[in-house]
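Working notes, beginning with the structure itself.
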Amino acid sequence: MSRVLTVGAAQMGPVARAEPRASVIARMTALLQQAARKGCRFVVFPELALTTFFPRWYMPDWSEVDGYFEDAMPNEATRPLFEAAVAMGVGFYLGYAERFMEGAKVRRFNTSILVDAGGAIVGKYRKVHLPGHAELEPKRPWQHLEKRYFEPGDLGFPVFRAFGGLLGMCICNDRRWPETFRVMGLQGVELVALGYNTPVRNSVAREAEHLRMMHNQMSMQAGAYQNGTWVVGVARSGPEEGVDMMAGSCIVAPTGEIVAQTMTDGDELIAYDCDLDAGRYIKETVFNFAAHRRIEHYGLITSQTGVVPPP
Ligand code: ING
């Protein structure tokens, strides 16, 4: 019996700094309704979907920073989204800023959750690869302070049994690191859901603009093919608080082919019937890990962080 999961990629256009969560939730619910009409059983939202991409600003006042975080999930603001999803029988991936107390210590993560069609949180992931910097860099046209506002994820790259298959998650910059997909590939992942917030232009180096989209697609296509998995990448896009954010949300097959892609840089839903067995022949032949990998030669990948050239 084929395991086809109809998946929706719910791209979101700009979220203003002052946009209330209720407004964002209403937009997300409308995208869920579109997805349900297309027969989707699982919908992927962007990274930090509930607020504007706030790491673009240096905020010395931590109470202002914490205004962008969720202290519980679901909570009063997001419960309508969970309830709407349950009413439609649709599960979803949600990216948000997670904050909680551990004794007297405040913990803050760039987090995503996997929510099943019954509204239960069946998986959680915390972003491992945090790009950017931790201190104010005045020379930048905008900041990228993820290293200031979040800790590196502490949950690894887990894979969850959900929606009839093996689903994994990552977040934005994670997709640029092959280790992200390989660790999930070694758990047999069949679909990786990820949200991203990526500016169209490189703010720290002279770089032709077309390369941004190429690097985005190449990273996800390679991750898909080299691990025989579907990859669903969903943008927060459009002109947000003076920074143009890249669109290009897409659904990538285990062959590495992009099978669906958004046309706009606003709120837009695309969907595809993802056969979770489509990656089987890849996992059993070219990327049959058990038959072909030689881990005795891979030691540097986990024993060394930076580059050490030969003497
Ligand atoms: N955003 C960007 C991303 O990885 C970035 C940051 C862009 C890093 C381009 C390097 C190159 O897509 C987030 N939120 O990680």
Side-chain angles (χ1 to χ4, degrees), residues 9 11-15 17 44-59 65 68-69 93-98 108-113 125-135 137 139-153 155 157 168-181 192-224 231-250 252 258 261-262 265 306:
Q11 173 179 288
M12 295 178 66
V15 173
R17 188 168 191 165
V44 183
F45 288 111
E47 169 191 28
L48 297 174
L50 304 173
T51 67
T52 194
F53 187 73
F54 61 89
R56 65 167 65 93
W57 296 297
Y58 178 76
M59 292 172 273
V65 174
Y68 293 101
F69 282 76
Y93 161 114
L94 173 66
Y96 68 97
E98 176 189 19
R108 295 184 183 90
F109 293 97
N110 187 341
T111 294
S112 66
I113 49 174
Y125 170 73
R126 290 170 175 153
K127 186 174 183 177
V128 167
H129 299 99
L130 297 172
H133 47 104
E135 300 304 330
E137 294 187 5
K139 290 195 200 59
R140 286 175 177 253
W142 58 82
Q143 304 298 302
H144 197 119
L145 288 160
E146 291 194 61
K147 290 185 193 299
R148 181 180 186 80
Y149 298 141
F150 306 117
E151 293 178 53
L155 302 175
F157 299 102
M169 295 184 276
C170 67
I171 299 175
C172 202
N173 195 259
D174 287 322
R175 71 194 186 286
R176 299 179 192 277
W177 302 91
E179 295 88 343
T180 301
F181 291 105
V192 175
L194 69 95
Y196 61 86
N197 284 243
T198 304
V200 166
R201 274 171 290 285
N202 186 325
S203 67
V204 292
R206 182 83 194 84
E207 183 181 65
E209 278 187 24
H210 75 278
L211 291 174
R212 267 289 150 98
M213 185 57 78
M214 187 190 88
H215 293 156
N216 174 49
Q217 292 178 333
M218 181 171 68
S219 300
M220 294 192 283
Q221 288 179 274
V231 173
V232 183
V234 182
R236 154 82 101 319
S237 50
E240 184 176 276
E241 297 291 344
V243 180
D244 290 333
M245 303 299 281
M246 188 177 70
S249 303
C250 61
V252 186
I258 293 175
Q261 186 169 342
T262 50
D265 65 358

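All ligand and atom numbering here is 1-based and tracks the order in the structure.
Of all the atoms in ligand 1, the ones that sit under 4.0 Å from a non-hydrogen atom of Phe53 are 14 (N). Atoms of ligand 1 lying under 4.0 Å from any heavy atom of Glu47, numbered from 1 in the order shown and given with element: 14 (N).
More than 12 heavy atoms of other residues, nucleotides or ligands sit less than 6.0 Å from atom CH2 of Trp142.
Shown here for Arg140 and Ser203, the closest heavy-atom pair between the two residues is NH1-OG, 3.9 Å. Considering every non-hydrogen atom in both Tyr93 and Pro46, the closest pair reads CE2-O, 4.3 Å. Contact detail for Trp57 and Leu145: the closest heavy-atom pair is O-CD1, 3.5 Å.
Nearest protein heavy-atom neighbour of atom 7 (C) of ligand 1: Arg176 NH2, 3.5 Å. Protein heavy atom closest to atom 8 (C) of ligand 1, with residue, atom name and distance, is Asn173 ND2, 3.3 Å. Among protein heavy atoms, atom 13 (C) of ligand 1 sits closest to Cys172 SG, 2.8 Å. The protein atom (non-hydrogen) at minimum distance from atom 12 (O) of ligand 1 is Thr198 OG1, 2.6 Å. Nearest protein heavy-atom contact of atom 6 (C) of ligand 1 is His144 CE1, 3.7 Å.
The CZ atom of Phe53 sits 9.0 Å away from the CD atom of Glu240 when rounded to the nearest 0.5 Å.
Contact check on Arg126 versus Glu98 returns a salt bridge, with a Lys/Arg side-chain nitrogen under 4.0 Å from an Asp/Glu carboxylate oxygen. A salt bridge is defined here as a Lys NZ or Arg NE, NH1 or NH2 lying under 4.0 Å from an Asp or Glu carboxylate O, and Asp244 with Arg201 meets this definition.
Residue Asn197 has at least one N or O atom closer than 3.5 Å to an N or O atom of ligand 1.
Neither the backbone nor the side chain of Tyr196 has a heavy atom within less than 4.0 Å of ligand 1. Using a 4.0 Å cut-off between heavy atoms, Glu146 contacts ligand 1 through its side chain alone, with no backbone atom that close. Contact annotation for Met246 and ligand 1: no heavy atom of the residue comes within less than 4.0 Å of the ligand.
Heavy-atom separations between His129 and ligand 1 are all 4.0 Å or longer. Ligand 1 has Lys127 within reach: a non-hydrogen atom of the residue lies less than 4.0 Å from it.
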Stepwise salt bridge (charged side-chain N to carboxylate O under 4.0 Å, His left out) check, Arg148 with Glu135: CA-CA 7 Å; Arg148 181 180 186 80; Glu135 300 304 330; 3.2 Å; yes
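When the options Met169, Glu47, Glu151 are evaluated for a side-chain contact (heavy atoms from CB on, under 4.5 Å) with Lys127, the one that passes is Glu47.
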